[in-house]
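Working notes, structure below.
So that the names make sense, note that chain A is the first sequence line, chain B the second, and so on, each numbered from 1.
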Amino acid sequence: MTPLTRRFYSRSTLVVARALLGKVLYHRVGGRLLSGRIVEVEAYTDDAASHARWSRRTPRNAVMFGPAGHAYVYFTYGMHHCVNIVTESNGRPGAVLLRGLDCLRAGAPARDGSGPGRLCRALGITLSQNGLDLTTGETLWIADGRRARRERIVQTTRIGIRVAEKLRWRFYLLGSDGVSRRDRSAEAPQREMAPTCRIAGTTRSASAGGRRR
DNA sequence: CACACGATGCGCT
DNA sequence: GCGCATCGTGTGG
């Protein structure tokens, strides 16, 4: 229940992204405490797919440039909210998108926490939480959770973007129910392709379809 | 001011 | 796999 410190968030986005897996997100709202275990995240910095691309500051993405440990919430497709955790040092844009939660509440369907939009709906996160400081433990915060030492982290590409699509900046906990989209090939123990496997015709054209949305 | 479009999710084929 | 709801935001005139 003790909020993670500013120091935890003030690191490189990729490091924080991985470190957030297994942690627990809390939101105190309407006299209730909602929570869920973080099982899927994506990193965004100033890359081409980021709201802070080319380090361009706008009213919407301003929080990404501010101090780490704050919530960056945005509204998209006219109906969904997505929540990010701001990283890096002040002035450098960076945030971790939360895409999957486990165990929102006993008996809740697993899919309620699966996907950035449903996740926000399940925890009651909207634009009014944008900019909140997560280190105070008042309304919205993240605390340590149980993370089994054996639990494997899968690293793969981010979802739903059309540029910088080769960056493997999505991380999830293998076997968790809240993961929105699995990547079987990334889950395979052997990740690196041996040179002999690159002979034409012997490789499956990985993710040939489904890249466009 | 006008307009194109999206870090999604859902229902249907 | 495909279409689409629905509106805040960024961009350009």
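- The main-chain N or O of A/Arg182 is never found under 3.5 Å from a side-chain atom of A/Glu187 such that the two would form a donor-acceptor pair.
- Among C/dT6, C/dG10, B/dA7, the nucleotide with an atom closest to any side-chain atom of A/Thr58 is C/dG10.
- Contacts with DNA chain C (heavy atom under 4.0 Å) in residues 101-111 of chain A: none are found.
- In A/Arg11, the CZ atom is crowded: over 12 heavy atoms of neighbouring residues, nucleotides or ligands sit closer than 6.0 Å.
- Between the C1' atom of B/dC10 and the CZ atom of A/Arg181 lies a distance of 17 Å, rounded to the nearest Å.
- Look at CG on A/Asn130: it is 14 Å from P on C/dG8, rounded to the nearest Å.
- Considering only side-chain N and O atoms, A/Arg56 lies under 4.0 angstrom from the phosphate OP1 or OP2 of C/dT11.
- Distance from the side chain of A/Arg118 is smallest for B/dC10 among the nucleotides B/dC10, C/dA5, B/dA7.
- Put simply, A/Tyr77 does not rest on the base of C/dA5: the two rings are not both less than 5.5 Å apart at their centres and under 30° in tilt.
- The separation between A/Met79 atom CE and B/dG6 atom C1' is 11 Å, rounded to whole Å.
- In this structure, A/Tyr74 atom OH and B/dA7 atom C1' are separated by 3 Å, rounded to whole Å.
- Using modelled atom types and a 3.5 Å distance limit, the side chains of A/Glu88 and A/Thr13 yield a donor-acceptor pair.
- In the displayed structure, A/Arg53 atom CZ is contacted under 6.0 Å by more than 12 heavy atoms of other residues, nucleotides or ligands.
- Rounded to whole angstrom, the span from the CZ atom of A/Arg162 across to the C1' atom of B/dC5 amounts to 9 Å.
- Rounded to an integer number of Å, the gap from A/Asn61 CG to C/dG10 C1' is 10 Å.
- One interatomic measurement links the two molecules: CE of A/Met64 to P of B/dA7, which rounds to 11 Å at whole-angstrom precision.
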Please evaluate residues A/Asp144 and A/Thr2 with respect to the criterion side chain to side chain contact (heavy atoms under 4.5 Å, CB included), reporting the C-alpha separation (whole Å), side-chain torsions for both, the decisive distance (0.1 Å), and the verdict. CA-CA 7 Å; A/Asp144 273 319; A/Thr2 307; over 6 Å; no
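- The aromatic rings of A/Tyr72 and A/His51 lie perpendicular to each other, with more than 60° between the two planes, well past the 30° mark.
- In the hydrophobic clustering of ILVMFWY residues, with side-chain heavy atoms under 4.5 Å counting as a link, A/Tyr26 and A/Leu123 come out apart.
- In this structure, A/Thr76 reaches the bases: a heavy-atom distance under 4.0 Å links it to at least one base atom across the strands shown.
- Remark: A/Arg6 fails to qualify as a cation-pi partner of A/Tyr9 under the 6.0 Å distance and 45° angle criteria applied to the six-membered ring.
- You'll find the side chain of A/Arg170 stays beyond 4.5 Å of the side chain of A/Val41, heavy atoms only.
- Side-chain proximity of A/Phe75 to B/dA7, B/dC10, C/dC7: nearest is C/dC7.
- When distances are taken from the side chain of A/Pro59 to each of C/dT11, B/dG6, C/dG10, the shortest belongs to C/dG10.
- Nucleic acid contact for A/Arg60: sugar-phosphate only, since backbone atoms but no base atoms lie under 4.0 Å from a heavy atom of the residue.
- One finds a salt bridge joining A/Asp47 and A/Arg158 here, because a Lys/Arg side-chain nitrogen approaches an Asp/Glu carboxylate oxygen to under 4.0 Å.
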Secondary-structure string, 5' to 3', Watson-Crick or G-U under 3.5 Å, | for another-strand partners, for DNA chain C: |||||.||||||.
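- Rounded to an integer number of Å, the gap from CD of A/Glu40 to P of B/dT8 is 11 Å.
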